[in-house]
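Written below as structure tokens is the structure these notes are about.
Start at 1 with the first residue, then count along the sequence.
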Amino acid sequence: MCCGGGGVIRCVGCWAVFILGLQFDLAEWWREGIGAVWWGFSYIYCIVVKWVRILYFMQMSWFGLGGGSVCVWRRFLALVLLGVPFGLVAQPNVVLVLIDDLSHYGVTAYGSNVIGSVEGAFEPVLVDTPHINRVGAMGVRCDYAYVYPICEPTRIALMSGKTNMRNFLKPKAQHESDVTFGDLFKRAGYATCMVGKWKQSRGTDEIPAEAYIYEFGWDEFRCFDVTGEGRRMIEPTVVENGVLKTYRGIDPVTGRRYYGPDLFNRYALDFISRHKDQPFFLYYPMVLVHDEHTPTLDTRPKALFDEFDVETRVGKRRMRGDERAYFPDMLAYTDKMVGRLLDHLEQLGLADDTLVMVMGDNGTKECFYHQLPDGSVVRGDKGSNKEGGLHVPLLVSYPGRVPAGRVYEGLVHVTDVLPTLCEAAGIELVDPASIDGISFWDQLTGRSSAEHREVIYAWYNANSPVTDQSAKLEYAFTKSFKRYAPSTLYPQGRFFDLRMDRFEEAGPKKKYPRLWNKWHHAGLDVSRLTGEQREAFDRLGGVLEEERFVPVVSLNLGRQAADLKVGEDRMMQVSVEPSGASRRGVIWRSSDPSVMRVDKFGCVRGMAPGRASLSVYSWEDAQPLADSVSGPFSRAGIQDQMEIRVVAP
């Protein structure tokens, strides 16, 4: 694997990471006092549990009872030679669950226990999400997690750790040159899998949509919305490992109609079972609770599911087979799927070795509302850049490393997920300068009580291509204040005091018809701000200025060794000028892959004696799109080349 860490990171690299962390923790013990008690018991617990589990698998192997593997022996030797006395644990397995269309109040751990229909599709219903809540109870509940208002901008940011300004060029067009967490985990030797909703690309002339997902580091996948949407719930159409499949008729497992959420969940559990003895990364972007809203396998009477007409259309702008009355059932089934996942990890003995993160991709749909115990109502506001569209659940567990039952009240942005997961797994970021996210791993583990960020910046162009920014919004906010940059509707910008105006209703209002037909209020009169408001206004203005778009001027490969041996790997470096350029993405290409190959990280490998040209192109004007219609990226703009000579070893 070119320039990758593979199993070395799993069994050796983690030792270095652990020792460094242990040294930090020892220092913390002296400073924190009472924290020493927690961490002391935590490490003793890790030592005992890991030894018991490893010896159990080994004796199973010794007596031919199954359960043993080369990986188990490798872990054992690494522990013995490199750090058993210090409580060494291997890199974690990682499971990231993304719930579709659910605000933080959709998870009852956040305080709301009733959902209702704005349109009267169903009476207010008491709900509970005990399994999702369990993730927070076993670890940390993050109370101020924010994303983008709709799914694709969030997913691009989540997978890449970048704000949309850097790499959201067009909907359903994410290019393979964009480095994602799938790429990083695969490069580090993890088995990788994605199940659920894809949406981000439609392929190119060279690689069709069905196979294009492989380009983002996934070893295997079962996904919806790959070649087109179709149905996702009852009798869905999916792409499984490059093959388009339509599930119709009776599922032999359940004896009832095929149900998408079950198909995705079963694949996820099977993937975990098949890779239980090696590090794995499972990305599980659920299709629940997005429309089409349908009965679930648990809806009663059963006939409601078994006889449901998936072709019915209610209203001109509704999907076929969309009955909003079933939203409560879908939320309950979402929680059930998370419960199955957690139970499966426990049954396989993997719970203590697995970091689990559950979060939402945007707010609840505007046709539903959440009700708090005091009777106050919070409407869903998907598509809005305000509280109801951005604020989502985020819960993290990792027994033994993330202390249980804690609440983190610092701001968390969707871009923070990638660097946090990478730090937890000991995976190095290839181009940290292009990552906008900030790791909050120290906050999750309790090694730092300080908040990891004070402000969130967002660049949002909805589902418009970057060539049309007429409805673009830019804003920066803290937990108390929010400032918007000048926009088409409000050339002077806007400012809100969120302490007294959480839903941004100050001032007269206007609409962006193309931005989900939402109202946008003018905000406070900036000529009448208090001293505290003026200070926040100026500070957030400084953030917006720092984040302003800076175009790329040039790429420079510089003077690097031009000779490469057959079979040799080398990571090439490219300088993007100016250093603060916004769209830092590049595309690497070899003129002759039979002589020299290059991957998306810029790692070259000598294949056969000869000469080949190495080229690198800037996203700035190459405009790489995988939308199936745009054709090859432009090679006429900002670029640099060098010749590589490959010689016999």
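Within the 3.5 Å criterion, the main-chain N or O of Val289 finds no donor-acceptor partner in the side chain of Asp101. Between the Tyr457 side chain and the Asp436 main chain, no donor and acceptor come within less than 3.5 Å of each other. Formation of a donor-acceptor pair under 3.5 Å by the Asn241 side chain with backbone atoms of Glu220 is not found in this model. With Glu292 contributing its side chain and Met233 its backbone, the two residues share a donor-acceptor pair below 3.5 Å. The backbone N or O of Gly249 lies less than 3.5 Å from a partner atom in the side chain of Glu235, making a donor-acceptor pair. Checking side-chain atoms of Lys509 against main-chain N and O of Trp519 turns up no donor-acceptor pair under 3.5 Å. Judged purely by atom type and a 3.5 angstrom limit, Asp329 has no side-chain atom pairing as donor or acceptor with the backbone of Pro295. Of the possible polar contacts, one joining the Arg256 side chain to the Leu297 backbone as a donor-acceptor pair under 3.5 Å is found. Remark: side-chain polar atoms of Asn164 are paired, donor with acceptor, to backbone N or O of Pro153 under 3.5 angstrom. Arg300 contributes no side-chain N or O that, together with a main-chain N or O of Lys302, makes up a donor-acceptor pair within less than 3.5 Å.
Considering all non-hydrogen atoms of both residues, Leu473 and Ser487 come closest at CD2-CB, 4.1 Å. Across every non-hydrogen atom of Gly360 and Val147, the tightest pair is O-CG1, 3.7 Å. The minimum heavy-atom distance between Val543 and Ala476, with the atom names listed, is CG1-CB, 3.8 Å. Across every non-hydrogen atom of Ser397 and Val135, the tightest pair is CB-O, 3.4 Å. Looking at every heavy atom in both residues, Gly260 comes nearest to Pro236 through CA-CG, 3.7 Å. The minimum heavy-atom distance linking Pro285 with Val195 is given by the pair CD-O, 2.9 Å.
Within a 6.0 Å radius of CD in Glu123, no more than 12 heavy atoms belonging to other residues, nucleotides or ligands are found. In this structure, Glu229 places its CD atom where more than 12 heavy-atom neighbours from other residues, nucleotides or ligands lie under 6.0 Å away.
With respect to the salt-bridge test (charged N to carboxylate O, under 4.0 angstrom), the residues Arg222 and Glu240 qualify. Checked for salt-bridge contact, Arg134 and Glu346 meet the test: a charged N lies under 4.0 Å from a carboxylate O. Between Lys197 and Asp361 there is no salt bridge, since no side-chain nitrogen of the basic residue lies less than 4.0 Å from a carboxylate oxygen of the acidic one. Ionic pairing of Asp143 and Lys479 is not present here: no N-O contact between side-chain nitrogen and carboxylate oxygen is shorter than 4.0 angstrom.
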Open item on the list: Run the side-chain contact (heavy atoms from CB on, under 4.5 Å) test on Ile156 and Arg166 for me, step by step, so that the C-alpha distance in whole Å, both residues' side-chain angles and the decisive distance to 0.1 Å come before the verdict.
Closed with: CA-CA 10 Å; Ile156 295 289; Arg166 295 192 190 274; over 6 Å; no
TODO: Let me see the working for Phe440 and Cys142 under side-chain contact (heavy atoms from CB on, under 4.5 Å), right down to the final yes or no.
DONE: CA-CA 11 Å; Phe440 58 105; Cys142 299; 4.1 Å; yes
- [ ] Give the C-alpha distance, both sets of side-chain angles, the deciding distance and a yes or no for salt bridge (charged side-chain N to carboxylate O under 4.0 Å, His left out) between Asp501 and Lys482.
- [x] CA-CA 10 Å; Asp501 185 18; Lys482 187 172 184 178; over 6 Å; no
Task: Evaluation steps, ring pair (Phe, Tyr, Trp, His ring centres under 6.0 Å), between His290 and Phe224 - done: CA-CA 12 Å; His290 196 287; Phe224 159 79; 8.3 Å; no
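The side-chain hydrogen bond (donor to acceptor under 3.5 Å, both in side chains) check on Thr354 picks up Asn93, with sequence neighbours excluded. Cys367 is linked by a side chain to side chain contact (heavy atoms under 4.5 Å, CB included) to Glu119, Arg324, Lys365, counting only residues two or more places apart in sequence or in another chain. Partners of Phe181 according to the ring-ring contact (aromatic ring centres under 6.0 Å, His included) rule, which considers only residues two or more places apart in sequence or in another chain, are Phe281, Tyr283.
The CG atom of Leu269 lies 9.0 Å from the CG atom of Leu282; values are rounded to the nearest 0.5 Å. Atom OG1 of Thr415 is separated from atom CD1 of Ile456 by 7.5 Å, given to the nearest 0.5 angstrom. Distance check, rounded to the nearest 0.5 Å: OG1 of Thr530 to CG of Leu524 gives 9.0 Å. Here the CD-CD1 distance, from Gln371 to Ile115, works out to 11.0 Å after rounding to the nearest 0.5 Å. Rounding to the nearest 0.5 angstrom, the gap separating the CG atom in Asp343 from the NE2 atom in His131 is 6.5 Å. Atoms CG and NZ, on Leu625 and Lys172 in that order, are 13.5 Å from each other to the nearest 0.5 Å.
Considering Arg232, Lys199, Arg231 as possible partners of Asp225, the one that fulfils the salt bridge (Lys or Arg N to Asp or Glu O under 4.0 Å) test is Lys199. Of the residues Tyr460, Tyr475, Tyr484, the one that meets the side chain to side chain donor-acceptor pair (under 3.5 Å) test with Asn385 is Tyr475. Considering Tyr146, Phe495, Tyr144 as possible partners of Phe477, the one that fulfils the ring-ring contact (aromatic ring centres under 6.0 Å, His included) test is Tyr146. Put simply, the residue from Thr420, Asp416, Leu411 that forms a side chain to side chain contact (heavy atoms under 4.5 Å, CB included) with His452 is Asp416.
The shortest distance between side-chain heavy atoms of Phe481 and Leu540 falls below 4.5 Å. Side chains of Ser117 and Phe327 form no contact here, defined as non-hydrogen atoms less than 4.5 Å apart. Counting only heavy atoms from C-beta outward, the side chains of Lys510 and His520 never approach each other to under 4.5 Å. A 4.5 Å side-chain heavy-atom check between Val414 and Tyr148 finds at least one atom pair inside the cut-off. Ser480 is not listed as a side-chain neighbour of Phe496, based on a closest heavy-atom distance of 4.5 Å or more. For the pair Tyr326 and Leu304, the minimum side-chain heavy-atom distance is below 4.5 Å. Side-chain contact check for Thr129 versus Thr334: every heavy-atom pair is 4.5 Å or farther apart. By the 4.5 Å heavy-atom criterion applied to side chains, Thr478 and Glu454 are not counted as neighbours.
Using cut-offs of 30° and 60° for the angle between ring planes, the Trp198 and Phe216 rings count as tilted.
Donor-acceptor pairing under 3.5 Å is lacking for the side chains of Asn265 and Tyr333. There is a side-chain donor-acceptor pair under 3.5 Å between Ser160 and Asn167. For the residue pair Asp298 / Thr296, no side-chain donor-acceptor distance below 3.5 Å is found, with atom types taken as modelled. With 3.5 Å as the limit, one finds no donor-acceptor pair spanning the side chains of Thr108 and Asn113. At a cut-off of 3.5 Å, with distance as the only test, no side-chain donor of Thr163 or His413 sits close to an acceptor on the other residue.
A cation-pi arrangement is present between Arg483 and Phe537, with the terminal nitrogen or guanidinium carbon under 6.0 Å from the aromatic centre and inside a 45° cone about the axis.
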